[in-house]
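Residue numbers run from 1 in the order of the sequence given. What you see is a predicted model; the values in this text were computed from it and never measured. Below, each value reflects all heavy atoms present in this structure, side chains not excepted, and no hydrogens, waters or symmetry copies.
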Amino acid sequence: MCKLLLSRGASLDARNNDGDDPESQARVYNYTTAADFLAAVRAAGGWLPWLNAPRKELIALRRRLPALRDRGRAAPASSVRAHERLFLKTPDDVFSHVLAFWRSDRDD
């Protein structure tokens, strides 16, 4: 329910009559999973930054991978050359566009 509300624009800064924000209210009722989730979204800077974090991590890995491979710290992950072509040889703008359609567990 938290994901749905946040994806529809609910504010992490809304307060109830006692002045509690959603995370505080979740902790009052011992909903630790929801409270931890809300804290993670707040720490990320909001719903969209939290949602897009896995994509940004993948882009950062893609940029670091050639240097890691040169130093022997990353071996090819697959014998299938298509993975290498998609991950390493696709231009950044195309890769970013394709990645926009990639779904992570955060998109559920």
Side-chain angles (χ1 to χ4, degrees):
M1 184 56 71
C2 291
K3 285 183 179 181
L4 176 66
L5 291 171
L6 289 170
S7 72
R8 300 295 191 262
S11 174
L12 290 169
D13 298 320
R15 304 282 176 175
N16 65 10
N17 291 337
D18 295 327
D20 294 330
D21 65 10
E23 180 188 346
S24 300
Q25 192 66 26
R27 294 207 189 279
V28 165
Y29 289 100
N30 203 27
Y31 297 138
T32 55
T33 302
D36 292 346
F37 166 72
L38 293 168
V41 172
R42 183 180 300 279
W47 172 250
L48 286 177
W50 178 86
L51 184 67
N52 289 319
R55 291 171 181 86
K56 288 183 178 183
E57 290 172 8
L58 190 57
I59 289 172
L61 174 62
R62 180 177 185 255
R63 290 187 179 132
R64 286 192 324 263
L65 193 57
L68 291 171
R69 290 178 83 181
D70 288 344
R71 292 191 312 236
R73 300 212 39 211
S78 172
S79 61
V80 179
R81 303 300 293 179
H83 290 102
E84 186 169 322
R85 284 197 311 271
L86 175 63
F87 201 69
L88 295 175
K89 296 182 180 176
T90 304
D92 286 344
D93 58 335
V94 174
F95 185 79
S96 296
H97 185 71
V98 169
L99 195 56
F101 294 96
W102 174 72
R103 295 180 57 83
S104 74
D105 60 340
R106 293 183 175 195
D107 291 297
D108 292 335

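- P49 and A44 get closest at one heavy-atom pair: CB-O, 3.2 Å.
- Shortest non-hydrogen contact noted between R27 and T32 is NH1-O, 4.4 Å.
- The shortest non-hydrogen separation linking W47 to V41 is N-CG1, 3.7 Å.
- Closest approach of E23 and A35 over heavy atoms only: CG-O, 3.6 Å.
- A donor-acceptor pair shorter than 3.5 Å can be found between the side chains of D21 and S24.
- C2 approaches F37 most closely through the heavy-atom pair CB-CE2, 3.6 Å.
- Minimum heavy-atom separation, S11 to P22: O-CG, 3.9 Å.
- When each of M1, K3, R8 is paired with L5, the side chain to side chain contact (heavy atoms under 4.5 Å, CB included) condition holds for M1 and for no other.
- For the pair D20 (side chain) and N16 (backbone), a donor-acceptor distance under 3.5 Å is absent.
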Original post:
Stepwise, does the side chain to side chain contact (heavy atoms under 4.5 Å, CB included) test hold for L51 with L6?
Top reply: CA-CA 11 Å; L51 184 67; L6 289 170; over 6 Å; no
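- In the hydrophobic clustering of ILVMFWY residues, with side-chain heavy atoms under 4.5 Å counting as a link, L12 and Y31 come out apart.
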